[in-house]
Amino acid sequence: MSGHRPPKFRIGPLDRYAVFAAVVVVSVLLFWAATALSEWFWLPAAVFIALALTGLRDVVQTEHAVLRNYPIMGHFRFLFEKIRPEIRQYLIESDQDEEPFSREDRSIVYQRAKNQEGARPFGTKKAVYQGGYSWMTHSITPTHLDRHDFRVRIGGPDCAKPYDASLYNISAMSFGSLSGNAIKALNIGAKKGGFAHDTGEGGISSYHRQGGDLIWEIGSGYFGCRDAEGNFDPEKFRAQATDDQVKMVEIKLSQGAKPGHGGMLPAAKITEEIAEARGVEMGKDCVSPAGHSEFSNPTELCEFIGRLRDLSGGKPVGFKLCIGHRREFMCIVKAMIKTGIYPDFIVVDGTEGGTGAAPLEFANHVGMPLNEGLSFVHNTLLGAGVRERIRIGASGKLIHAYDIGRAFALGADWCNSARGFMFAVGCIQAQACHTNECPTGVTTQDPIRQRALVVPEKGERVYNFHRNTMRALAEIAGAAGLDDPRDFLPYHFMKRENDGAMVEASDVWTYLPTGFLLTEGDDHMAYRQRWKRASAETFRPPDPVGRKTTRGEMEQAAQ
């Protein structure tokens, strides 16, 4: 009896085709009834005949094995698979499940965008004794901050037109990825709230021209400042960059959604408005290369930054990246010191950023998360003695005042959010951004679907979300006894480990000594070793770690 197994439930051939057979029989009976008895039977007969033809097609088609084995019934499998995200989001997932944003996260954005009360009764829903729970330490003598319009000046000694930016701004999202109505609403909200709107790499469209401050992002496709071959055009750049609405210029080296990956907008999806904003031809695929053509090494990148600053009339110029090879960022820092050309700002994007559609491997496993990337950039600039010259922005799932405060503690000077402001204009996390079938009109070029997004109403919500988030930031800064949110330090935040122990963030995200990379020593060797191997002349390592030759060189030697 020890080897006895209960009989398995099996579906035999007759069971698999029973529904199809029943539909065929009912179709024949209804067809006979319609012709011999009453015309009333024609409607149900037509329905069942259509089902029978569908079943016949299922049996003879060769694309789907499920449909060949389970004609008609197999379609339910595809139906449930299609509506699975909606069923999970509305019926199954808890308030804390992140897919990728929890219902709790989305709800607070919706409430603040609509000026609704965000207070919660009956205490926290968080499991405060489980590993991963984090909290902010507060002061017995809190401060009261009457203002919430906190600003940071961006622009170093070489910048003739510095910009006083809000501590919370709209992160890069291109027209083409977002609808014209969404872009318009975002810029209207930015104008009313006095904060910045990053254009994304898709260029400056007419929808951006609502008066809100713009950060013009320049990607590898040089959209809006390119010649017919896709190369950078200095005069086209000058014409746009000197516009008063453009406050800063951001070179995109990589983005959190798909670092190290280019992109292509197929010709079929390019409208006349997109072509005008990007400076591309209709009828041709629009390609964003994985890398830039204007520079190939750290020194050339710094020189390009200097050129853009001159061409823009002295406006702040910086770059955005998701940290990959840490040594490569150190190469850029060494090039800054060598050339004397410093960016005015660096935006650190975490791999958890995600408005851009990306291959699964890139979205899940390429690039450094924001906390680690931000801390590394901050400490590298400290170690090189150049931190005071350069402002640091942070982006990557920063929609709560708590998240923003923690980013300041890790070294940020200001924060950006993309999906937070998408929620503010009506995004419901349907995750249909890449299909052109966004149900709320946020990420579609379909003019009918775009009508759902009423621009004046959503522009007001963008403004409300920013204003109420900044007020919440002022409140938690005051609770910590601070006079400015940028005064947050790592020791203000704690986290519970899986074993139940409490860990202070300053034990994990330590501020390293200023200038330590410029001196000899045996401390912080993970930084020192990479700094020693970094070069201002090239991004390539002097000698691949762990082997003396590349794999290709080894294969050639073997031959």
Side-chain angles (χ1 to χ4, degrees), residues 104-105 107-109 111-112 115-154 164-169 193-195 370-371 374-375 378-379 382 387-388 391-394 397-417 420 464-497 500-514:
E104 183 179 68
D105 288 339
S107 294
I108 192 63
V109 176
Q111 290 168 358
R112 286 176 175 164
N115 266 338
Q116 295 176 350
E117 183 180 1
R120 162 174 292 167
F122 231 67
T124 181
K125 295 181 181 180
K126 299 283 188 181
V128 299
Y129 293 105
Q130 287 186 1
Y133 175 73
S134 63
W135 66 95
M136 183 197 82
T137 61
H138 65 281
S139 173
I140 292 178
T141 56
T143 57
H144 176 71
L145 305 180
D146 294 323
R147 61 191 180 92
H148 62 270
D149 185 24
F150 303 103
R151 305 224 157 232
V152 56
R153 173 152 292 192
I154 304 173
D164 292 327
S166 169
L167 297 192
Y168 195 48
N169 302 286
F195 53 97
L370 176 61
N371 288 351
L374 179 57
S375 178
H378 175 61
N379 278 323
L382 279 175
R387 177 64 180 90
E388 292 302 315
R391 300 300 187 192
I392 299 177
K397 294 188 78 170
L398 302 176
I399 62 173
H400 293 289
Y402 176 83
D403 300 328
I404 298 169
R406 185 171 57 189
F408 289 143
L410 298 184
D413 292 300
W414 88 90
C415 294
N416 297 331
S417 175
N464 289 337
F465 169 61
H466 176 271
R467 177 169 53 89
N468 289 324
T469 301
M470 293 300 289
R471 283 179 173 173
L473 181 62
E475 288 178 352
I476 67 166
L482 306 178
D483 294 319
D484 190 289
R486 287 180 297 157
D487 293 335
F488 275 117
L489 291 170
Y491 74 81
H492 287 112
F493 295 87
M494 301 192 72
K495 186 176 183 179
R496 190 176 298 284
E497 297 287 273
M502 298 183 300
V503 177
E504 194 173 274
S506 57
D507 295 333
V508 180
W509 316 115
T510 305
Y511 282 19
L512 300 185
T514 298

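Model, not experiment: these values are computed from the prediction.
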Given side chain to side chain contact (heavy atoms under 4.5 Å, CB included), test H378 with I392 step by step and report yes or no. CA-CA 8 Å; H378 175 61; I392 299 177; 4.2 Å; yes
Taking the side chain as everything from C-beta on, heavy atoms only, tell me whether W414 gets closer than 4.5 Å to F195. no
Qualifying residues under side-chain contact (heavy atoms from CB on, under 4.5 Å), relative to L410, sequence neighbours excluded: N371, L374, W509
Nearest heavy atoms of A407 and A394, plus distance in Å: CB-CB, 4.4 Å
Test side-chain hydrogen bond (donor to acceptor under 3.5 Å, both in side chains) applied to D403 - qualifying residues, sequence neighbours left out: none
What's the spacing between T137 OG1 and W135 CH2 if we round to 0.5 Å? 10.0 Å
Under the rule for salt bridge (charged side-chain N to carboxylate O under 4.0 Å, His left out), what residues qualify as partners of R112, not counting sequence neighbours? none
Please check if the side chain of T510 supplies one atom and the backbone of L512 the other of a donor-acceptor pair under 3.5 Å. no
What's the separation between atom OG1 in T469 and atom CD1 in I108, rounded to the nearest 0.5 Å? 8.0 Å
Quick one: list whatever passes salt bridge (charged side-chain N to carboxylate O under 4.0 Å, His left out) with D164, sequence neighbours left out. R153
Indicate every side-chain donor-acceptor pair of residues 487-496 with a distance under 3.5 Å to a residue at least two apart or in another chain.
| residue | atom | partner | partner atom | Å |
| --- | --- | --- | --- | --- |
| H492 | ND1 | L489 | N | 3.0 |
| H492 | ND1 | L489 | O | 3.3 |
| R496 | NE | V128 | O | 2.9 |
| R496 | NH1 | G500 | O | 2.8 |

pair H400-E104: side-chain heavy atoms closer than 4.5 Å: no
What are the two closest non-hydrogen atoms of H148 and A474, and how far apart are they? CB-CB, 4.3 Å
Kindly write out the residues that satisfy side-chain hydrogen bond (donor to acceptor under 3.5 Å, both in side chains) with E504, not counting sequence neighbours, or none if the list is empty. S506
The reported gap from CG in N468 to CD in Q111 (rounded to nearest 0.5 angstrom) is 10.5 Å
Partners of T143 by side-chain hydrogen bond (donor to acceptor under 3.5 Å, both in side chains), sequence neighbours excluded? none
Using the salt bridge (charged side-chain N to carboxylate O under 4.0 Å, His left out) criterion, which residues pair with R471? Sequence neighbours excluded. none
Of all heavy-atom pairs linking I399 and S417, the shortest is CG2-OG, 3.7 Å
Sorted by chain and residue number, the side-chain contact (heavy atoms from CB on, under 4.5 Å) partners of P142 (sequence neighbours excluded) come out as none
CZ-CE distance between F150 and M470, expressed to the nearest 0.5 angstrom: 6.5 Å
Quick one: closest heavy-atom pair of G411 and R387, and the distance? O-NH2, 2.8 Å
Go through the steps to decide whether L473 and F408 satisfy the test side chain to side chain contact (heavy atoms under 4.5 Å, CB included), and finish with yes or no. CA-CA 11 Å; L473 181 62; F408 289 143; 4.0 Å; yes
Quick one: pull up NZ in K126 and OG in S134 and give me the separation to the nearest 0.5 Å. 8.0 Å
Interatomic spacing from CD1 in I476 to NE2 in H138 - rounded to 0.5 Å: 13.5 Å
Shortest non-hydrogen contact from Y511 to A409? OH-O, 2.6 Å
Please check this pair: side chain of N464 against backbone of N115, looking for a donor-acceptor N/O pair closer than 3.5 Å. no
Suppose we screen for side-chain contact (heavy atoms from CB on, under 4.5 Å). Which residues come up paired with E475, at least two apart in sequence or across chains? none
Taking side-chain contact (heavy atoms from CB on, under 4.5 Å) as the test, write out the residues that go with D149, two or more places apart. R151
Restricting to side-chain hydrogen bond (donor to acceptor under 3.5 Å, both in side chains), what partner residues turn up for D483, sequence neighbours left out? none
For D484 and R147, run side chain to side chain contact (heavy atoms under 4.5 Å, CB included): C-alpha distance rounded to whole Å, both residues' side-chain angles, the deciding distance at 0.1 Å, then the answer. CA-CA 10 Å; D484 190 289; R147 61 191 180 92; 3.7 Å; yes
